[in-house]
Amino acid sequence: MPELPDPVDLQRQWQTLQVEQPQLDPLAALVLVALRALDAQGGGGEEKTGTTTAVLSRRLGIEHALVRRAATELESGGWVLTRPAGGASPALRLILSPVC
C-alpha cells in the first residue's frame, strides 16, 4: 500500500500549494497534497481509483469528519471527484479530477 511522503516533504508540498492556491483552506490543501502523493504512487494506470477519506484520516491522524469536510471543499472547487466508498461506511472515495 502506498505511503505518504515523509513529514518534511509533505510540509514542503503543502506550503508550496498554499502559496500557489491561497484560496484553499489549509486542511483542504493538506488533503489534496496527500491525495496527490498517494495517487502518484498508485502506478498511474488509466483508471484512477483514488483513496478514501477514511484512509487519509488514519494516515494524517486527523478526525474523519474534518477530512470529509475538506473533501467537500475540494469537490466544490473542482479539485477532486467524490463517490461513496461503499457499504455502510460514511467514507468517500476521492479521485483527483483530470485537471488536477
Side-chain angles (χ1 to χ4, degrees):
M1 178 168 272
E3 292 295 324
L4 289 174
D6 70 84
V8 172
D9 190 40
L10 194 65
Q11 182 176 5
R12 183 189 55 75
Q13 291 176 40
W14 174 78
Q15 289 172 328
T16 299
L17 182 60
Q18 285 283 258
V19 169
E20 293 171 355
Q21 304 294 331
Q23 78 279 11
L24 277 178
D25 174 79
L27 181 57
L30 178 61
V31 168
L32 183 58
V33 166
L35 183 59
R36 284 177 172 175
L38 293 174
D39 190 70
Q41 294 176 27
E46 280 186 35
E47 182 61 33
K48 297 286 185 180
T49 59
T51 193
T52 67
T53 53
V55 168
L56 287 173
S57 172
R58 284 191 302 273
R59 293 203 177 165
L60 294 171
I62 298 171
E63 185 70 35
H64 184 247
L66 296 175
V67 174
R68 275 191 56 118
R69 187 182 322 154
T72 300
E73 179 183 338
L74 292 171
E75 182 179 40
S76 68
W79 297 92
V80 300
L81 307 171
T82 64
R83 304 285 181 263
S89 172
L92 296 172
R93 179 158 298 283
L94 303 179
I95 302 167
L96 286 172
S97 69
V99 295
C100 195

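- Judged by distance alone, with hydrogens and angles left aside, the side-chain atoms of T82 form no donor-acceptor pair with the main-chain N or O of L94 at under 3.5 Å.
- Residues passing the side-chain contact (heavy atoms from CB on, under 4.5 Å) test with R93 are T52, R83, I95, sequence neighbours excluded.
- For D9, the salt bridge (Lys or Arg N to Asp or Glu O under 4.0 Å) partners at least two apart in sequence or on another chain are R12.
- One N or O on the side chain of S97 and one on the backbone of W79 form a donor-acceptor pair closer than 3.5 Å.
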- Task: List the steps and the verdict of side-chain contact (heavy atoms from CB on, under 4.5 Å) for T16 and V33.
- Result: CA-CA 10 Å; T16 299; V33 166; over 6 Å; no
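- Residues forming a side-chain contact (heavy atoms from CB on, under 4.5 Å) with R69 (at least two apart in sequence, or on another chain): L66.
- Rounding to the nearest 0.5 angstrom, the gap separating the CG atom in L92 from the CZ atom in R68 is 4.0 Å.
- A distance of 10.5 Å separates CG of D6 from CD of Q11, quoted to the nearest 0.5 Å.
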Check residues 20-27 and write down every donor-acceptor pair under 3.5 Å in which the side-chain atom is one partner and the other belongs to a residue at least two apart or another chain.
residue : atom : partner : partner atom : Å
Q21     : OE1  : Q23     : NE2          : 2.8
D25     : OD2  : L27     : N            : 3.0
D25     : OD2  : A28     : N            : 3.4

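- The two residues V67 and S57 make their nearest non-hydrogen contact at CG2-CA, 3.9 Å.
- Residues satisfying the side chain to side chain donor-acceptor pair (under 3.5 Å) criterion with E63, sequence neighbours excluded, are absent altogether.
- In plain terms, the two heavy atoms of T53 and H64 that are nearest each other are OG1-NE2, 2.7 Å.
- Judged by distance alone, the side chain of S76 and the main-chain N or O of E73 form a donor-acceptor pair under 3.5 Å.
- Remark: T51 engages no residue in a side chain to side chain donor-acceptor pair (under 3.5 Å) (not counting sequence neighbours).
- Considering CG of L17 and CG of L30, their distance stands at 9.5 Å, rounded to 0.5 Å.
- A70 and V31 get closest at one heavy-atom pair: CB-CG2, 3.9 Å.
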